[in-house]
Peer 1: 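Handing you a structure now.
One-based numbering along the sequence shown. Computed over heavy atoms, backbone and side chain alike; hydrogens, waters and symmetry mates excluded.
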Amino acid sequence: MLSKTKILETISMIHEENLDIRTITMGISLLDCADADIDVSCEKIYNKIYRLAKDLVKTGDIIAKRYGIPIVNKRVSVTPIAMLLAVSGGDPIKYAKTLDRVASDIGIDFIGGYSALVQKGFSAGDLKLIKSIPEALAMTNYVCSSVNIGSTKAGINMDAVKIMGGMVKKAAELTKDRQCIGAAKLVVFCNAPEDNPFMAGAFHGPGEPDVILNVGVSGPGVVRAALQKLDDKADLQAVADLIKKTAYKVTRMGQLVGEEASKMLGIPFGIIDLSLAPTPAVGDSVAHILEEIGLEQVGACGTTAALAMLNDAVKKGGVMASSNVGGLSGAFIPVSEDAGMIAGAESGALIIEKLEAMTAVCSVGLDMIIIPGDTPNEVISAIIADEAAIGMINSKTTAVRVIPAIGLSEGDKLDFGGLLGYGPIMSVNKKSPAKMINRGGKIPAPIQSLKN
């Protein structure tokens, strides 16, 4: 039984330190919805998602009220739609509209899985789906998209990288009247996990069961609050131990919510993704944790080392608390979603090159970074290639979610509102990588034996 002190501590974490369950995400396999007739396939998709997920929002609300724990988002992830398109052919936008309609009808926040996995090359359906992504995101409200273009075992599909630079730009152009939101719903991955509950990159991997519930917890404010109480003279070992203990508490809460929700919905419990996912709210920033560790401002020399320690401690604490930790799990460093990152970018302390270095030691990659609207397609492709190379060589997930601000330039800003926040348009090195990008082909997989 929990002691009174532990109960009061948890209440404080929720009400004063922005602790929340960031998402409960139901993963649903659509493999049995494949059909040679795309209209029949869409009908099967709608019916299956509706049948399984119609009570997801209600269940989340009941648990939130019962335990006093905010559950911010309720989401669904599905089998990469390119796999169904391979069977049906036809216009892939029909799938996007079906996903959007069922998401609206069941009341969820987002649905992920308008996706393709092309790390080794393009199979049937992949290219057609990829080229439809900008239009699909412009025509829908809830659909999120991702493309996996590389992996440690397969190398990097540079033909896909070249295409995706153009798709990111076009997604922004088609939604320029809505703060270029299309590009904010598109993630390009290397080593994409199959059980990630976080948007916009969530999809239900082909190796996953028919239906499962994954939980994403968050709590940068809790970690920062714990560090604020630590003696400034405490060494970094003590800092890491405190982060680990705090992550343990956060994970236990996620385990409770996941088990309860899966029981109520009658589906298996999958994983807890213990990611320090920030919001623009004051006190809910990963950057502010790094500054609490001892940096004057995020982006200063030492930022990468501090982030490496934070990420490792979070993972160690999570694994101690649950045997179901998966997904990404660690620290996210999106710019527009993190008040401290925004401040660092605005002051010039945080630049894209420093962010790239930080991605070598954190959970994901270059996330929610706003770049000038006139950035050439091949530069966007090269940003994707650089980030994929970090993931491929280091056997970790990396991703790129950059938003070209169409019609705007460095010094301006985009404001998405809500969890996506706002951010300044950051400078990009525009020396041309066009010759390299236009070569196409593949960057071979790295050697696995000589790892020094």
Side-chain angles (χ1 to χ4, degrees), residues 22-23 25 73 75 77 110 112 115 117 119 144-152 156 164 168 183-203 205 214 216-220 247 271-279 285-287 289-290 298 303-304 306-308 310-315 318 325-338 340-341 350 352-370 383-403 419-421 423:
R22 186 54 48 86
T23 177
T25 301
N73 282 278
R75 302 164 172 168
S77 62
F110 291 108
S115 306
L117 310 178
Q119 58 269 23
C144 292
S145 181
S146 59
V147 178
N148 192 66
I149 50 82
S151 72
T152 297
I156 302 172
M164 287 311 300
V168 169
K185 297 191 293 177
L186 172 59
V187 180
V188 187
F189 274 116
C190 179
N191 288 321
E194 295 194 355
D195 56 3
N196 165 29
F198 283 100
M199 299 296 171
F203 63 90
N214 297 320
V217 298
S218 184
I271 58 98
I272 296 173
D273 188 321
L274 176 63
S275 290
L276 294 182
T279 72
S285 161
V286 170
I289 297 174
L290 302 178
V298 67
T303 296
T304 306
L307 181 60
L310 170 64
N311 206 59
D312 181 65
V314 166
K315 289 177 186 289
V325 173
L328 296 164
S329 287
F332 282 12
I333 52 169
V335 174
S336 77
E337 299 176 12
D338 186 306
M341 293 288 183
L350 189 63
I352 287 182
E353 288 75 12
K354 185 62 176 178
L355 280 163
E356 183 181 305
M358 293 164 68
T359 65
V361 300
C362 74
S363 278
V364 64
L366 294 172
D367 195 19
M368 290 303 291
I369 295 171
I370 305 165
I383 291 171
I384 293 168
D386 282 345
E387 198 57 35
I390 291 173
M392 176 184 70
I393 294 295
N394 291 291
S395 302
K396 69 181 291 294
T397 301
T398 51
V400 171
R401 184 165 49 151
V402 295
I403 301 96
L419 284 175
L420 295 179

Peer 1: Can a donor-acceptor pair be found, under 3.5 Å and without considering hydrogens, that links the side chain of Ser336 to the backbone of Leu420?
Peer 2: yes
Peer 1: Is there a side-chain contact between Phe332 and Val364, using heavy atoms and a 4.5 Å cut-off?
Peer 2: yes
Peer 1: Among all residues two or more places apart in sequence or in another chain, which pass the side chain to side chain donor-acceptor pair (under 3.5 Å) test with Asn191?
Peer 2: Thr152
Peer 1: Does the Asn148 side chain pair with the main chain of Gly150, one donor and one acceptor, at a distance under 3.5 Å?
Peer 2: yes
Peer 1: Compare every heavy atom of Met164 with every heavy atom of Val188, then report the nearest pair and how far apart it is.
Peer 2: CG2-CE, 3.9 Å
Peer 1: For Ser275, check side chain to side chain donor-acceptor pair (under 3.5 Å) against everything at least two apart and list the hits.
Peer 2: Asp273
Peer 1: List for me each residue that meets salt bridge (Lys or Arg N to Asp or Glu O under 4.0 Å) alongside Arg401, sequence neighbours excluded, and say none if there are none.
Peer 2: Glu337, Asp367
Peer 1: Taking the side chain as C-beta and beyond, is there a heavy-atom pair between Val361 and Asn311 under 4.5 Å?
Peer 2: no
Peer 1: Which residues pass the side-chain contact (heavy atoms from CB on, under 4.5 Å) test with Thr398, sequence neighbours left out?
Peer 2: Cys190, Glu387, Ile390, Lys396
Peer 1: Do Phe189 and Gln119 have side chains that get closer than 4.5 Å, going by heavy atoms?
Peer 2: no
Peer 1: Taking side chain as C-beta onward, heavy atoms only, is Lys315 less than 4.5 Å from Leu274?
Peer 2: no
Peer 1: Which atoms form the tightest heavy-atom contact between Gly201 and Ser146, and what is the distance?
Peer 2: O-OG, 3.8 Å
Peer 1: Checking Ser77 now: which residues fulfil side-chain contact (heavy atoms from CB on, under 4.5 Å) with it, not counting sequence neighbours?
Peer 2: Thr25, Ala202, His204
Peer 1: For the CG atom of Leu310 and the CG atom of Leu276, what is their distance to the nearest 0.5 Å?
Peer 2: 5.5 Å
Peer 1: How about Leu355 and Ile333: do any of their side-chain heavy atoms sit closer than 4.5 Å?
Peer 2: yes
Peer 1: How would you list, by chain and number, every residue that makes a side-chain contact (heavy atoms from CB on, under 4.5 Å) with Lys354, sequence neighbours excluded?
Peer 2: Thr303, Thr304, Leu350, Ile351, Met358
Peer 1: Among residues at least two apart in sequence or on other chains, which ones pass side-chain contact (heavy atoms from CB on, under 4.5 Å) with Asp195?
Peer 2: Pro193, Glu208, Asn214, Ile271
Peer 1: Side chain to side chain donor-acceptor pair (under 3.5 Å) with Asp338: which residues, sequence neighbours excluded?
Peer 2: Ser285
